[in-house]
Amino acid sequence: MQLPAPRGPITDRLFAELARPPHVFGPPPVGACDAEDDAQLALFVCYELHYQGFDGVDDRWEWNPSVLALRERLEAWFEGWLARRVPRPPAPPPREVPRALAALVAADDGPSLSAYLRSRGDAAQFREFVIHRSIYQLKEADPHTWGIPRLLGRPKAALVEIQSDEYGGGRPERMHAELFRATMRGLGLDDSYGAYLGGVPGVTLAISNVMSLFGLHRHHRGALLGHLAAFEMTSSLPNRRYSQGLRRLGGDADARRYYDEHVQADAVHEQIAAHDMCGAFAAEHPGLTGDILYGAACALTLDRLFAEHLLNRWREGRTSLWQAEWRADAEVTVR
């Protein structure tokens, strides 16, 4: 993956530093950052150093104190950004956590992106949707895996059970990231890791950033589990619709397999995540039940903001991608 074009003073400075051998530098000002796209991209790049990294960027930047100092300031900005958009649900008693998660999911009234793509979206819009999702889906499950060494007993076993399915149960071709690559190929898209990083807006990057924020900080482990539970509890029906929409547009079985796989798998994962993982974790850490619900609320809110962004842009006849020139790449017919 290559570093994308910078989007403002933070990424302009950060990318210039990362192009050089590791060294100490003073972090660019973040403060009351108004350029959300700039800040989200900078934070994403700081996090990505812990995943696959970037071509031409020395791996030793991963733990460089200057990068970590900038990341800390960006995380403080992002946590404030989340706090302004995600009301913190009341903390339930530990035994009520599975029921509280179900109620939180049931109360979500965001627009249905999957319903739109099932019945009305055109091929270009479906391709745009897949481009957005590729930023996370090509490393699917990795952020939540940070939670495994931070758990014990039943919650740990439950998380490992979910993650094992996400990674294909030991079969590389069944890894969900690999299945998503097949979807991208079926849509005529570049399936290489991070190929479209420069083409997505800040709201898309925020979806990945919140997972990395929760996953890379032990004190956010409750929020990480709640986030994953909300992910699993809102997956089966939308993925059925995405598969139906792709079939309507001419997508073949290989292109649809990613969505079809999630219809059944996530129906099982939903129960494991709510009861065996979050419920058991709440019993062991009763003081963190509010964190579990907050992580779930963050997942639901960011998904709503993402859907609103795409649907509003499409209703206006505009691309949902970062810049108009990316639209040209979304015009190839589904094959």
Side-chain angles (χ1 to χ4, degrees), residues 1-86 135-136 138-139 142-147 150 193-221 223-224 227 291 294-295 298 301-302 305-306 309 322-323:
M1 180 162 59
Q2 304 289 332
L3 285 172
R7 299 186 183 179
I10 305 174
T11 48
D12 188 60
R13 173 73 180 282
L14 174 62
F15 295 176
E17 303 291 354
L18 293 178
R20 299 167 53 195
H23 58 277
V24 175
F25 66 89
V30 176
C33 180
D34 294 324
E36 291 182 8
D37 288 285
D38 188 29
Q40 294 286 5
L41 181 59
L43 183 57
F44 182 93
V45 168
C46 289
Y47 283 145
E48 190 58 34
L49 297 173
H50 297 293
Y51 294 99
Q52 298 299 317
F54 296 90
D55 289 348
V57 174
D58 194 308
D59 286 343
R60 292 173 296 173
W61 275 114
E62 179 182 4
W63 296 108
N64 179 273
S66 296
V67 172
L68 295 180
L70 173 60
R71 198 188 87 185
E72 183 179 30
R73 296 172 69 179
L74 289 166
E75 286 176 333
W77 169 83
F78 187 39
E79 288 180 321
W81 187 94
L82 288 169
R84 292 190 295 275
R85 289 161 177 80
V86 186
I135 303 305
Y136 166 66
L138 291 181
K139 62 180 176 190
D142 290 350
H144 294 113
T145 298
W146 293 113
R150 293 171 176 155
Y193 185 89
Y196 294 101
L197 178 58
V200 300
V203 67
T204 303
L205 298 173
I207 290 173
S208 286
N209 284 344
V210 76
M211 288 184 252
S212 296
L213 172 69
F214 292 160
L216 286 167
H217 292 275
R218 185 176 182 277
H219 71 278
H220 283 316
R221 64 195 185 280
L224 180 72
H227 184 283
D291 290 355
Y294 183 68
C298 285
T301 298
L302 287 175
L305 294 174
F306 173 72
H309 171 78
W322 166 240
Q323 291 179 328

By side chain to side chain donor-acceptor pair (under 3.5 Å) - contacts of [X] (at least two apart):
{"X": "D59", "value": "none"}
{"X": "Q2", "value": "D55"}
{"X": "D142", "value": "Y167"}
{"X": "Y193", "value": "E48"}

Step-by-step side-chain contact (heavy atoms from CB on, under 4.5 Å) determination, V45 to L18
CA-CA 10 Å; V45 168; L18 293 178; 3.8 Å; yes
Is E36 salt-bridged to R85, cutoff N-O under 4.0 Å?
yes
Using the side chain to side chain donor-acceptor pair (under 3.5 Å) definition, which of the options W146, Y47, Y51 pairs with S212?
Y51
For T301 and L305: C-alpha separation, side-chain torsions, deciding distance, then whether side-chain contact (heavy atoms from CB on, under 4.5 Å) applies.
CA-CA 6 Å; T301 298; L305 294 174; 4.2 Å; yes
Per the salt bridge (charged side-chain N to carboxylate O under 4.0 Å, His left out) rule, what does the pair list look like for residues 61-71, sequence neighbours excluded?
R71-E75
Quick test of your reading: applying salt bridge (charged side-chain N to carboxylate O under 4.0 Å, His left out), list the pairs with at least one residue in residues 18-28, sequence neighbours left out, ordered by first then second residue.
E17-R20
For the student: nearest non-hydrogen atoms of L74 and A39, plus distance:
CD2-O, 4.0 Å
Quick check: does any side chain N or O of [X] sit under 3.5 Å from a backbone N or O of [Y], one acting as donor and the other as acceptor?
{"X": "R7", "Y": "A42", "result": "no"}
{"X": "D38", "Y": "T11", "result": "yes"}
{"X": "D291", "Y": "A223", "result": "no"}

Give the intermediate values and the outcome of side-chain contact (heavy atoms from CB on, under 4.5 Å) for residues L49 and N64.
CA-CA 10 Å; L49 297 173; N64 179 273; over 6 Å; no
Residues that D58 engages under salt bridge (Lys or Arg N to Asp or Glu O under 4.0 Å), provided they are two or more places apart
R60
ring-ring contact (aromatic ring centres under 6.0 Å, His included) involving [X] - partner list, sequence neighbours excluded:
{"X": "F306", "answer": "H132"}
{"X": "F78", "answer": "W81"}
{"X": "Y136", "answer": "F231"}
{"X": "F214", "answer": "H220"}

Quick check, are the ring centers of W61 and H23 under 6.0 angstrom apart?
yes
Is it true that, when you exclude E72 itself, more than 12 heavy atoms of the residues, nucleotides or ligands shown sit nearer than 6.0 Å to its CD?
no
If you define the side chain from C-beta out and look only at heavy atoms, does anything of L14 sit under 4.5 Å from C46?
yes
Under the side-chain contact (heavy atoms from CB on, under 4.5 Å) rule, what do Y294 and L82 come out as? Steps first, then yes or no, please.
CA-CA 10 Å; Y294 183 68; L82 288 169; 3.6 Å; yes
Kindly write out the residues that satisfy side-chain contact (heavy atoms from CB on, under 4.5 Å) with P4, not counting sequence neighbours, or none if the list is empty.
F15, L41, L197
I135 CD1 to T204 OG1 distance, which is reported to the nearest 0.5 Å:
7.5 Å
Roughly how far apart are M211 CE and C298 SG, rounded to 0.5 Å?
11.5 Å
